[in-house]
K.L.:
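Dumping the structure here so I can ask a few things about it.
We name chains A, B, ... by the order of the sequence lines, and we start the count at 1 in each one.
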4 protein chains.
Amino acid sequence: MRLPIAISEQSAEPLYYQIEVQLRALIISGSLQAGTLLPSIRELASQLKCSVITIKRVYSDLEAEGLLRTKQGTGTYVSHVEKESREEQKHSVVNEAIDQLLEAAERVQCTKQELEMLLKEKLQHYEP
Amino acid sequence: MRLPIAISEQSAEPLYYQIEVQLRALIISGSLQAGTLLPSIRELASQLKCSVITIKRVYSDLEAEGLLRTKQGTGTYVSHVEKESREEQKHSVVNEAIDQLLEAAERVQCTKQELEMLLKEKLQHYEP
Amino acid sequence: MRLPIAISEQSAEPLYYQIEVQLRALIISGSLQAGTLLPSIRELASQLKCSVITIKRVYSDLEAEGLLRTKQGTGTYVSHVEKESREEQKHSVVNEAIDQLLEAAERVQCTKQELEMLLKEKLQHYEP
Amino acid sequence: MRLPIAISEQSAEPLYYQIEVQLRALIISGSLQAGTLLPSIRELASQLKCSVITIKRVYSDLEAEGLLRTKQGTGTYVSHVEKESREEQKHSVVNEAIDQLLEAAERVQCTKQELEMLLKEKLQHYEP
DNA sequence: GTGGTCTAGACCACC
DNA sequence: GTGGTCTAGACCACG
């Protein structure tokens, strides 16, 4: 199985973090259904051309968040999460991003009007 | 002179980065006028209770960006930046933050409608 | 790996600057191919008998110029720079030095003839 | 008396050094004849809009080089230097600049041919 | 193992 | 007084 995850060499974000964000999104969005068996650590590491240790960290982190579940000797599965809970998490991810946007805007003293204008323009091309 | 800069011990962001972001914002927003003499590195270090070297790094980085100008034996000054250029930088900072928001939303497959709803709610409390 | 860099205690030039100039030259000249893994900051520091921080500064500065690329936990690599761009940079380095020469000559009112004579003499021994 | 000296705020060169280089050139080139009374420290400082301490340093340095001569209570004069000696110094100033050029060229592995080409081009516009 | 950050403290150059 | 450089040494994050 091949996960639709891409890592950027250019980005300053640490490898493990780039992967976590994308895998988390796949689960929260429902693209990966509950119970799905993820690729093994070694397999994913080889797919993404990164260290096994990095993938291990990703799986551990997401397991700690309750999104994944590891069964000894079988592999790592997507946990069963209520649809409502998934919606909640989705909103919380987006809300966090919004907060960061507002912080940045506030720091450079961007007026509400300016901010709305810039947002409107960008939102036009938003095609999820 | 006392710069309105606050640093958070909790934040995972490195010290120097927190300070850079805020000082950059003060300049771009025009709160600090061109030609303003900034506090000496030693003074600011003592104000923010951090090492002289950390402040030195902040000033150097911002000088490399062209926002500051330091003269040895004299002090560090805010560079003269065109108002239009400031506006541009302001918008580019905000647009970057917007891009990150849209990326996050897209990843969790947030619909345009949902996103607009969440934005609308948060924007109500935006008071720059 | 051992970089052919020599530092002079006599020179008034700061340590970090001496190293930067030489490493930059190695890259621009193509002596170090794109993708080459440089020695770790600790290793180079020990080779050149200077502080780790000094090397760190060198690598950071050259990274800011786009000549190097560092990946945390991995190491520091020579960036891929177009051959034409390298030629350009080479010429720009030399042209800058020529400008400084002409300025100096002009200041002491050295005639074109004198200058050419002195140049001719020195150029005889130029063996790159 | 007004010396034709200009200082650049942009330059990274220290103030005292910029002034020294120019004043030295005025003397070596013969633009300032032996015996000429230079402006007082305070006067020159006010002309160049810099600190008295900076000019004091310039005069001291050039006096140490034997180019100037200070008489208590009267002022600072241009020393009498043999014409041949002046020529020598002129050449030594220029030769030093040439050496720096060659070093830079060598570092980036500029071939003799390339160097000569760049030099020829620049020399065309040399009008002392 | 790698680089990233931060500290305290020193000494120097400049104005 | 200012900034500029450099040190030794520590601790953390990443792979």
K.L.:
Determine, for D/Tyr16 and D/Arg57, whether the Lys NZ or Arg CZ falls below 6.0 Å from the six-membered ring centre while staying within 45 degrees of the axis.
P.N.:
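Yes, a cation-pi geometry holds between D/Arg57 and D/Tyr16.
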
K.L.:
If you count every heavy atom of other residues, nucleotides or ligands that lies below 6.0 Å from B/Tyr17 atom OH, does the total exceed 12?
P.N.:
no

K.L.:
How do C/Thr74 and C/Arg42 order along DNA chain F: which one's closest nucleotide is nearer the 5' end?
P.N.:
C/Arg42

K.L.:
Heavy atoms, side chains only, cut-off 4.5 Å: are A/Leu67 and A/Val78 in contact?
P.N.:
no

K.L.:
Taking side chain to side chain contact (heavy atoms under 4.5 Å, CB included) as the test, write out the residues that go with B/Ser46, two or more places apart.
P.N.:
none

K.L.:
Using a cut-off of strictly less than 4.0 Å between a heavy atom of the residue and any atom of DNA chain F, enumerate the qualifying residues of residues 11-24 of chain A by number.
P.N.:
A/Pro14, A/Leu15, A/Tyr16

K.L.:
Could you tell me which residues satisfy side-chain hydrogen bond (donor to acceptor under 3.5 Å, both in side chains) with D/Asn95, sequence neighbours excluded, listed by chain and number?
P.N.:
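D/Asn95 satisfies side-chain hydrogen bond (donor to acceptor under 3.5 Å, both in side chains) with no residue once adjacent residues are dropped.
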
K.L.:
Side chains of C/Gln89 and C/Ser85: any donor to acceptor distance under 3.5 Å?
P.N.:
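Their side chains do contain a donor-acceptor pair, which is all the 3.5 Å distance test asks for.
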
K.L.:
Taking only residues two or more places apart in sequence or in another chain, which ones pass side chain to side chain contact (heavy atoms under 4.5 Å, CB included) with B/Val52?
P.N.:
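Result, side chain to side chain contact (heavy atoms under 4.5 Å, CB included) vs B/Val52: B/Ile41, B/Arg42, B/Ala45.
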
K.L.:
Using heavy atoms and a sub-4.0 Å distance, could you list which residues of residues 32-41 of chain B are near DNA chain E? By number, please.
P.N.:
none

K.L.:
Select base, sugar-phosphate, or nothing to describe what C/Cys50 touches, counting heavy atoms under 4.0 Å on all strands.
P.N.:
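Answer is sugar-phosphate: C/Cys50 comes under 4.0 Å of backbone atoms only.
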
K.L.:
Using the C1' atoms of the five pairs at each end, what is the angle between the end axes of the helix from E/dG1-F/dC14 to E/dC14-F/dG1, to 10°?
P.N.:
20°

K.L.:
Using modelled atom types only, decide if a donor and an acceptor are shared between the side chain of A/Thr54 and the backbone of A/Cys50 within a distance under 3.5 Å.
P.N.:
no

K.L.:
With sequence neighbours left out, what residues match D/Gln72 under side chain to side chain contact (heavy atoms under 4.5 Å, CB included)?
P.N.:
none

K.L.:
Enumerate the residue pairs fulfilling salt bridge (Lys or Arg N to Asp or Glu O under 4.0 Å) with a member in residues 10-22 of chain C, sequence neighbours excluded, ordered by first and then second residue.
P.N.:
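Sorted result for residues 10-22 of chain C: C/Glu20-C/Arg24.
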
K.L.:
Taking for each residue the nucleotide of DNA chain F bearing the nearest heavy atom, is the 5' side occupied by C/Ser51 or by B/Gln72?
P.N.:
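Per heavy-atom nearest nucleotide, the more 5' residue is B/Gln72.
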
K.L.:
Kindly write out the residues that satisfy side chain to side chain contact (heavy atoms under 4.5 Å, CB included) with B/Lys83, not counting sequence neighbours, or none if the list is empty.
P.N.:
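Result, side chain to side chain contact (heavy atoms under 4.5 Å, CB included) vs B/Lys83: B/Arg86.
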
K.L.:
Are there more than 12 heavy atoms of other residues, nucleotides or ligands under 6.0 Å from atom CD of A/Glu96?
P.N.:
no

K.L.:
Do the side-chain N and O atoms of C/Ser8 and C/Gln18 include a donor-acceptor pair separated by under 3.5 angstrom?
P.N.:
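Not at all, the side chains of C/Ser8 and C/Gln18 share no donor-acceptor pair under 3.5 Å.
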
K.L.:
Pairing donors with acceptors under 3.5 angstrom, does anything connect the side chains of B/Lys56 and B/Ser60?
P.N.:
yes

K.L.:
Can you pull the salt bridge (Lys or Arg N to Asp or Glu O under 4.0 Å) pairs that have at least one residue in residues 70-81 of chain C, sequence neighbours excluded?
P.N.:
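Sorted result for residues 70-81 of chain C: A/Glu9-C/Lys71.
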
K.L.:
Can you list, in residue-number order, the parts of residues 56-64 of chain A that come under 4.0 Å of DNA chain F, counting heavy atoms only?
P.N.:
A/Arg57

K.L.:
Please find the earliest and latest nucleotides of DNA chain F, in the 5' to 3' direction, that have an atom within less than 4.0 Å of any heavy atom of chain C.
P.N.:
F/dT5 to F/dG15

